[in-house]
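What follows is one structure encoded as structure tokens, with my remarks underneath.
These numbers were taken from a predicted model, which means no experiment stands behind them.
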Amino acid sequence: MEKVVRATELDVSALGLVLPDGFRIESVDLAFPGPVVPCSPWQATEGTRVDLVVQVSAEDVASYLNTKQPSGLSGFRVSTKNGQLQVVATLKVAILPVEVGAEGILEFTDGKLNFVPNRAEVGGVGAPEGMVKDQLGKINPLIDLTGWPVDTVVRSIEIGNGKIRLEGTLTLTADIPRRDPK
């Protein structure tokens, strides 16, 4: 008889989860509906579904960007309001500090969570499109699940009150740990 652990639902929560690249997630709630987990050896099997709720604070996004300092930008300030994310930073041009900013949404596509601006300014003037694209390439993706054995569906991204809340489902596309490389 195969040794397995079964449950109607298994819930796991984590607070202050820090990803390998330093991005901090305020809270993660995982719900495994009807899990069946083989014990010998232990593994999560292909097809396992996980419902998740992830919450990140605007402060954590600012801290991550301040550590990363894309293109020499510093002094990041991030706020959330009415479904929009506002990002403001300082760029040193010669010896003068110039404030740059962008406002936009978060979008999850192709396994990546990206900041997509609908407005960008440098020193209070509209930023050139080429410059915006270059900067986004250094900031995005905020989260990258490509290369992980998961199929990801994001149902909602809510932005407001100093928080970003993402709800979705992950489905394993391979056993973890893998015993037989595919």
### Task
Give the intermediate values and the outcome of side chain to side chain contact (heavy atoms under 4.5 Å, CB included) for residues V98 and T90.
CA-CA 6 Å; V98 176; T90 302; over 6 Å; no

#### Entry: Check against side chain to side chain contact (heavy atoms under 4.5 Å, CB included), V5 and L10
CA-CA 11 Å; V5 173; L10 173 65; over 6 Å; no

### Message
For a side-chain hydrogen bond (donor to acceptor under 3.5 Å, both in side chains) check, start with the C-alpha distance between D151 and T171, then their side-chain angles and the critical distance, and finish with the verdict.
### Response
CA-CA 5 Å; D151 183 29; T171 305; 5.4 Å; no

### Task
Would you please test S63 and R24 for side-chain hydrogen bond (donor to acceptor under 3.5 Å, both in side chains) and show each step?
CA-CA 9 Å; S63 178; R24 182 181 183 276; over 6 Å; no

### Message
Walk me through whether E99 and R77 qualify under salt bridge (charged side-chain N to carboxylate O under 4.0 Å, His left out).
### Response
CA-CA 11 Å; E99 194 167 84; R77 298 180 314 276; 2.9 Å; yes

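Looking at every heavy atom in both residues, E107 comes nearest to V116 through CB-CG2, 3.8 Å. Nearest heavy atom pair, residue I105 against residue G83, reads CG2-O, 3.9 Å. For I159 against Q84, the heavy-atom pair with the smallest separation is CG2-O, 3.2 Å. Across all their heavy atoms, F32 and V12 have their closest contact at CE1-CG2, 4.1 Å. Closest approach of S13 and D29 over heavy atoms only: OG-OD1, 2.7 Å. In terms of heavy atoms, P141 sits closest to K112 at CB-CB, 3.8 Å.
Here the OG atom belonging to S74 is positioned 11.5 Å from the CG atom belonging to L65, to the nearest 0.5 angstrom. Taking OG from S57 and CZ from R165, the interatomic distance works out to 14.5 Å, rounded to the nearest 0.5 Å. For the atom pair K68 NZ and F23 CZ, the distance stands at 10.0 Å (nearest 0.5 Å). For the atom pair T67 OG1 and F76 CZ, the distance stands at 10.5 Å (nearest 0.5 Å). Rounding to the nearest 0.5 angstrom, the gap separating the OH atom in Y64 from the CG atom in L142 is 6.5 Å. K92 contributes atom NZ, which lies 12.0 Å from atom CG of L73 (distance to the nearest 0.5 angstrom).
Counting non-hydrogen atoms of neighbouring residues, nucleotides and ligands closer than 6.0 angstrom, the CG atom of D21 exceeds 12 such neighbours. Under a cut-off of 6.0 angstrom, the local environment of CD in E167 is crowded, with over 12 non-hydrogen atoms contributed by other residues, nucleotides or ligands.
Under the 4.5 Å side-chain criterion, counting only non-hydrogen atoms from C-beta, R49 is in contact with P33. The closest side-chain heavy-atom distance from S156 to L166 is not below 4.5 Å. Contact of the V87 side chain with the V100 side chain is not registered, since no non-hydrogen atoms from C-beta on lie closer than 4.5 Å. Side-chain atoms of N118 and E103, non-hydrogen and from C-beta on, do get closer than 4.5 Å to each other.
Q55 is linked by a side chain to side chain donor-acceptor pair (under 3.5 Å) to E26, counting only residues two or more places apart in sequence or in another chain.
Side-chain heavy atoms closer than 4.5 Å link hydrophobic residues (I, L, V, M, F, W, Y) into clusters, and following such links, possibly through other members, connects I164 to L30. Under the 4.5 Å side-chain heavy-atom criterion for Ile, Leu, Val, Met, Phe, Trp and Tyr, L170 and W148 are members of the same hydrophobic cluster. Clustering ILVMFWY residues whenever any of their side-chain heavy atoms sit less than 4.5 angstrom apart, transitively, puts L172 in the very cluster that holds L145. One hydrophobic cluster, built from ILVMFWY side chains closer than 4.5 Å, cannot hold both V154 and V53; they sit in different ones. Connection of V88 to F115 is not established within any shared hydrophobic cluster, with ILVMFWY side chains joined at heavy-atom distances below 4.5 Å, either directly or through further cluster members.
For the side-chain contact (heavy atoms from CB on, under 4.5 Å) with V78, the lone residue among V61, D60, V56 that qualifies is V61.
D144 places a side-chain N or O within donor-acceptor distance of the main-chain N or O of T146, the cut-off being under 3.5 Å. Remark: the backbone N or O of G75 is paired with a side-chain donor or acceptor of N66 at under 3.5 angstrom.
Counting side-chain heavy-atom gaps under 4.5 Å among Ile, Leu, Val, Met, Phe, Trp and Tyr, the cluster of V36 also holds V4.
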